[in-house]
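Hydrogens, waters and symmetry mates play no part in the numbers below; they use all other heavy atoms, side chains included.
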Amino acid sequence: MRARGLLNLRAVLAPVAAGMCVMATAAAVLVPALGGDAGEAGRGRGGAAAPAVTHRAYGPGAGPAVAECTAQNAAESLRPSPEDGPAVSRIKEKGQLVVGVDQNTYRWGYRDPVTGELAGFDIDLARAVAEDILGPHPKVVFKAVPTSQRIPALQKRTVDLVVRTMTINCARKEQVAFSTAYFQGGQQVLAPKASEIAAFDDSLRGKRVCTAAGSTGESELAAQRHGAKVLTVPNQLDCLVRLQLGEADAVVTDNALAAAQAAQDPAVELKGRPFTDEPYGVAMNKGDTDLVRRVNKVLDDYRGDGGADSPWMRAYRKWLQADLPGISGPPSPEYSD
């Protein structure tokens, strides 16, 4: 066991274990168990081709149906609109936006050990959506949801949105609605620097590979294990702890998350190259088509012109650039109508 790396990780996450912290403008609480993952796992855009799925991507009355969802058009969403509809009006009537997030993924959604507040790239985006709908200093309730519980939380309306590095794919679009993509990642292998593991290939044979239940990493490993023994855990960060304890030999996860984990433990590194495309989107209940359009309007504003002063680029420099250098701008939106 690399005790030093584990202690560093625990130092970052110690406030998480302290429990719920209620703030003036935001509260974070744990979502109660919601049952199984409701078939959340699906294929990423750039891996083995996902089977075509015929569906109405955003529920009844949303305009023209998406005749066929494929790996190539999965990231398409509804065109942006500032208009209020039933879902947006419901949020305004409540006077708060309830957002499902992660609270233990460094750089994306984690509890800052100094301030005790939730922080990260996803948290900033969630606040931008809240400000657009509710105005300055909005009340945001953050609820921590495990990877496998993101879709059930939306279907049961425990949350209004999920902003939690959630990959857009056809299997998930059968169950929930997505915004346009706000970040582009890819599945990759994380392993100790001294490991003989080279990539997502046969160097994994006989190795214990950890991934989160309900993640696209789990789906990729189900399709091709490369002879590995697969270990699933509720949250991706649990895999890093298993790796540090010597209970796993490698992790398969999004490279964006893996880079953040490597920043927490310098004894590990990304191996090989990304082997899928992982467009992250804001997820919503499938019937909340007006909220989908409103979030896409926020994302248009957030991307701006893609220049250095856009809110997206400022958030990238603040949270991600140190671990994921070389990104010149946000992914371009794709629309289905």
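- Here the side chain of Arg107 pairs no donor or acceptor atom with the backbone of Gln321 at under 3.5 angstrom.
- Under a cut-off of 6.0 angstrom, the local environment of NZ in Lys94 is crowded, with over 12 non-hydrogen atoms contributed by other residues, nucleotides or ligands.
- Not a single donor-acceptor pair under 3.5 Å links the side chain of Arg242 to the backbone N or O of Glu247.
- With Ser89 as the fixed residue, the side-chain contact (heavy atoms from CB on, under 4.5 Å) test singles out one of Leu291, Ile133, Asp84: Asp84.
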Stepwise side chain to side chain contact (heavy atoms under 4.5 Å, CB included) test for Ile123 and Glu117: CA-CA 10 Å; Ile123 304 301; Glu117 296 185 359; over 6 Å; no
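- Hydrophobic clustering of Ile, Leu, Val, Met, Phe, Trp and Tyr side chains at less than 4.5 Å, counting indirect connections, unites Leu134 with Leu161.
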Arg205 and Asp202: CA distance, side-chain angles, deciding distance, salt bridge (charged side-chain N to carboxylate O under 4.0 Å, His left out) verdict: CA-CA 5 Å; Arg205 185 170 302 280; Asp202 286 347; 3.8 Å; yes
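- A donor-acceptor pair under 3.5 Å is absent between the side-chain atoms of Gln187 and the main chain of Pro274, judged by distance alone.
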Step-by-step salt bridge (charged side-chain N to carboxylate O under 4.0 Å, His left out) determination, Lys297 to Asp301: CA-CA 6 Å; Lys297 179 258 185 189; Asp301 296 339; 3.4 Å; yes
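- Linking ILVMFWY side-chain heavy atoms closer than 4.5 Å, directly or via other members, places Trp319 and Leu324 in a single hydrophobic cluster.
- For the pair Asp265/Gln244, a side-chain contact is recorded, criterion being any heavy-atom separation below 4.5 Å from C-beta on.
- In this model, no donor atom of one side chain and acceptor atom of the other lie less than 3.5 Å apart for Arg294 and Ser179.
- Within the 3.5 Å criterion, the main-chain N or O of Phe200 finds no donor-acceptor partner in the side chain of Lys271.
- In this structure, CG in Leu78 is found 10.0 Å from OG1 in Thr180, a value given to the nearest 0.5 Å.
- Residues Val129 and Val282 form no side-chain contact, since every pair of their non-hydrogen atoms from C-beta on lies 4.5 Å or further apart.
- Taking all atoms of both residues into account, the shortest heavy-atom contact from Ala212 to Pro234 is CB-O, 4.4 Å.
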Chi angles and distances behind the side chain to side chain contact (heavy atoms under 4.5 Å, CB included) call for Arg208, Leu243: CA-CA 9 Å; Arg208 299 162 298 173; Leu243 197 63; over 6 Å; no
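- Taking all atoms of both residues into account, the shortest heavy-atom contact from Ala250 to Ala191 is CB-CB, 4.2 Å.
- Put simply, the side chain of Arg317 gets close to the backbone of Ala308: a donor and an acceptor are under 3.5 Å apart.
- By the 4.0 Å N-to-carboxylate-O rule, Arg90 lies too far from Asp290 to be salt-bridged with it.
- A distance of 13.0 Å separates CD in Gln188 from CD in Glu220, rounded to the nearest 0.5 Å.
- The backbone N or O of Val98 lies less than 3.5 Å from no partner atom in the side chain of Lys143, so there is not a single donor-acceptor pair.
- The two residues Leu154 and Asp160 come nearest to each other via the heavy atoms CD2-O, 4.0 Å.
- With values rounded to the nearest 0.5 angstrom, Gln236 atom CD is found 6.5 Å from Cys210 atom SG.
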Candidate pair Arg164 and Thr147, rule side-chain hydrogen bond (donor to acceptor under 3.5 Å, both in side chains), full reasoning: CA-CA 8 Å; Arg164 195 187 182 284; Thr147 303; 3.2 Å; yes
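- Residues Lys207 and Ile197 are in side-chain contact: their nearest non-hydrogen atoms beyond the backbone lie under 4.5 Å apart.
- Remark: the backbone N or O of Gln103 is not paired with any side-chain donor or acceptor of Arg111 at under 3.5 angstrom.
- Between Thr211 and Thr232 there is a side-chain heavy-atom pair separated by less than 4.5 Å.
- Partner of Glu278 under the side-chain hydrogen bond (donor to acceptor under 3.5 Å, both in side chains) criterion, out of Thr165, Thr167, Asn255: Thr167 alone.
- Interatomic distance, Leu204 CG to Asp249 CG, rounded to the nearest 0.5 Å: 9.5 Å.
- Cluster annotation: Leu299 and Met313 are assigned to the same hydrophobic cluster (Ile/Leu/Val/Met/Phe/Trp/Tyr, side-chain heavy-atom contacts under 4.5 Å, transitive).
- With hydrogens and angles disregarded, a donor-acceptor distance shorter than 3.5 Å links the side chain of Tyr316 to the backbone of Ile327.
- Summarising the geometry of Gly214 relative to Glu218, their closest heavy-atom pair is N-OE1, 2.7 Å, with the distance given to 0.1 Å.
- The minimum heavy-atom distance linking Val145 with Ala153 is given by the pair CG1-CB, 4.2 Å.
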Test salt bridge (charged side-chain N to carboxylate O under 4.0 Å, His left out) applied to Arg314 and Asp309, step by step: CA-CA 6 Å; Arg314 292 198 300 268; Asp309 292 329; 5.6 Å; no
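- Less than 6.0 angstrom separates the ring centroid of Phe121 from the ring centroid of Trp108.
- Annotation for Pro279 and Asp277: closest pair CD-O, 3.6 Å, computed over non-hydrogen atoms.
- Contact check for Tyr280 versus Phe178: no side-chain heavy atoms found under the 4.5 Å cut-off.
- Contact check for Leu118 versus Tyr110: no side-chain heavy atoms found under the 4.5 Å cut-off.
- Judged by distance alone, the side chain of Asp254 and the main-chain N or O of Leu257 form no donor-acceptor pair under 3.5 Å.
- Lys139 has its side chain out of reach of Leu97: every pair of non-hydrogen atoms, C-beta onward, lies at least 4.5 Å apart.
- Val209 is listed as a side-chain neighbour of Leu221, based on a closest heavy-atom distance under 4.5 Å.
- A salt bridge links Asp288 and Arg157; the closest N-O separation between the charged side-chain nitrogens and carboxylate oxygens is under 4.0 Å.
- When each of Val140, Val159, Asp122, Leu125 is paired with Val99, the side-chain contact (heavy atoms from CB on, under 4.5 Å) condition holds for Val140 and for no other.
- Looking only at distances, no side-chain donor or acceptor of Asn296 sits under 3.5 Å from a matching main-chain atom of Pro80.
- For the atom pair CG of Leu270 and NZ of Lys193, the computed distance is 11.0 Å after rounding to the nearest 0.5 Å.
- Note that the CD1 atom of Ile91 and the CD atom of Gln96 stand 10.0 Å from one another [nearest 0.5 Å].
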